[in-house]
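To start, the structure under review is shown below, and the notes come after it.
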Amino acid sequence: MFWSKPSSLELPSDSPQRIEEPQYEGIKRFILKLMMFYSKQSTAIRGANAIYHRITCQVDRPAIYDVFCLEKTFRTTFSVLVLHMWLCLRRLKEDGKEGSELGQYLYERYNHDLELRVSKAGVNLLLSKWMKELEKIFYGNIVAYDAAILPEAKPDELQNVIWRNVFSDDGTLTPNDPALLPVQAMSRYVHRETKCLSLTDKAAVFSGNFMFTSLEEKPVGFASK
């Protein structure tokens, strides 16, 4: 088995990595209320920032590129980022309108970060054009992942979508033999994360108090690049 049985990704109550809402009292709390710090919108924005922090922690972790035999380039990092955005947006949708609204704030946070990543990669000219192209890729990937995870999808559909979106650089539709193991591994990882996120309590997801499965330990019989 690639990983242990799916379980909640919620962080333990005593985890130092938990993000807790500040508890102010007296005049400070009164002032913050006047400043709309505790409003639904402000709370959602903080939640979206916390969720995005969990996404980028996983995406920027060297282990994810090592385990899945990926060269860390702007393209692969972007593809892995979109994949984890999809995982979280999919989970948020499970909580209906409230989750979808939080997903919109998460998408806005992602867009801001992506613009910084594009600039950092040295693309200073035609930035708006790049962002539009990346937006098209984002929505195309999201639609493909949604379709691949449906009960009626073919058994290898997710695997092939991951190959096209993350691994392939020559337009081929299915993975070749050398790439088959890491693509299958990522497919199992994605299946597991969808189940784990579904098992994670709404409050933990909305506050960003969860963490994706650790990739520090390689699967048995799976060689790194």
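Residue numbers run from 1 in the order of the sequence given. Bear in mind that the values here come from a model prediction, so they are computed numbers and not experimental data.
In the model, Glu71 has no side-chain atom that pairs as donor or acceptor with a side-chain atom of Thr76 under 3.5 Å.
From Ser214, atom OG reaches atom CG of Leu9 across 11.5 Å, with rounding to the nearest 0.5 Å. A distance of 11.0 Å separates CD in Glu135 from CD1 in Ile137, rounded to the nearest 0.5 Å. From Arg46, atom CZ reaches atom OG of Ser42 across 6.0 Å, with rounding to the nearest 0.5 Å. The CG atom of Asp156 lies 8.5 Å from the OG1 atom of Thr174; values are rounded to the nearest 0.5 Å. The OH atom of Tyr110 sits 13.0 Å away from atom OG1 of Thr56, with the distance rounded to the nearest 0.5 Å. From Leu199, atom CG reaches atom CZ of Phe210 across 14.0 Å, with rounding to the nearest 0.5 Å.
Looking at Lys195 and Glu94, no side-chain N of the basic residue comes within less than 4.0 Å of a carboxylate O on the acidic one, giving no salt bridge. Of the charged side-chain nitrogens involved, none lies within less than 4.0 Å of a carboxylate oxygen, so that Glu133 and Lys129 do not count as a salt-bridged pair.
When all heavy atoms of Ser207 and Ala203 are compared, the pair lying nearest together is OG-O, 2.8 Å. Smallest separation of non-hydrogen atoms from Cys88 and Ile51: SG-CG2, 4.0 Å. When all heavy atoms of Ser79 and Asn165 are compared, the pair lying nearest together is OG-O, 3.0 Å. Closest approach of Val82 to Ile142, counting heavy atoms only: O-CD1, 4.4 Å. Nearest approach of Phe74 to Trp130, heavy atoms of both residues: CE2-CZ3, 4.1 Å. Closest heavy-atom contact between Gly208 and Ala50: CA-CB, 3.9 Å.
Counting only heavy atoms from C-beta outward, the side chains of Glu10 and Arg18 approach each other to under 4.5 Å. Annotation: side chain of Met186 is in contact with side chain of Val166 (closest heavy-atom distance under 4.5 Å). Between Lys72 and Val80, the closest side-chain pair of non-hydrogen atoms is not below 4.5 Å. A 4.5 Å side-chain heavy-atom check between Met85 and Asn141 finds every atom pair outside the cut-off. Counting heavy atoms from C-beta outward, Asn49 and Tyr105 have side chains that stay 4.5 Å or more apart. With contacts defined as side-chain heavy-atom distances shorter than 4.5 Å, the pair His84/Ile64 qualifies. Between Gln159 and Leu180, some side-chain heavy-atom pair lies under the 4.5 Å cut-off. Counting heavy atoms from C-beta on, the side chains of Pro175 and Asn160 come closer than 4.5 Å.
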**OP:** List the steps, then state whether side chain to side chain contact (heavy atoms under 4.5 Å, CB included) holds for Phe212 with Leu87.
**Re:** CA-CA 10 Å; Phe212 290 101; Leu87 285 168; 4.2 Å; yes
Subject >> Verdict with reasoning, Val59 to Thr77, per side chain to side chain contact (heavy atoms under 4.5 Å, CB included) >> reply: CA-CA 7 Å; Val59 171; Thr77 300; 4.0 Å; yes
**OP:** Could you walk me through whether Leu92 and Phe206 pass the side chain to side chain contact (heavy atoms under 4.5 Å, CB included) test, one step at a time?
**Re:** CA-CA 8 Å; Leu92 290 173; Phe206 277 43; 3.8 Å; yes
Subject >> side chain to side chain contact (heavy atoms under 4.5 Å, CB included) evaluation trace for Arg188 with Arg192 >> reply: CA-CA 6 Å; Arg188 290 194 292 270; Arg192 186 181 192 281; over 6 Å; no
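Taking the six-membered ring wherever Trp is involved, the centroid distance between the rings of Tyr139 and Tyr107 falls below 6.0 Å.
Cluster membership for Met131 and Leu106, using ILVMFWY side-chain heavy atoms within less than 4.5 angstrom, is shared. By the rule that hydrophobic residues join a cluster once side-chain heavy atoms approach within less than 4.5 Å of another member, Ile45 and Leu102 end up as members of separate clusters. Grouping the Ile, Leu, Val, Met, Phe, Trp and Tyr side chains by contacts below 4.5 angstrom, directly or via other members, places Ile162 with Leu89.
Not a single donor-acceptor pair under 3.5 Å links the side chain of Ser15 to the backbone N or O of Pro12. Ser119 places a side-chain N or O within donor-acceptor distance of the main-chain N or O of Glu115, the cut-off being under 3.5 Å. The backbone N or O of His191 lies less than 3.5 Å from a partner atom in the side chain of Thr194, making a donor-acceptor pair.
For residues 198-212, the pairs satisfying salt bridge (Lys or Arg N to Asp or Glu O under 4.0 Å) are Glu98-Lys202, with sequence neighbours left out. Listed by first then second residue, pairs satisfying ring-ring contact (aromatic ring centres under 6.0 Å, His included) with a partner in residues 145-166 read Trp86-Tyr145, not counting sequence neighbours.
Residues passing the side chain to side chain donor-acceptor pair (under 3.5 Å) test with Asp113 are Tyr52, Arg117, sequence neighbours excluded.
Among Arg91, Lys93, Lys97, the single residue meeting the salt bridge (Lys or Arg N to Asp or Glu O under 4.0 Å) criterion with Asp95 is Arg91.
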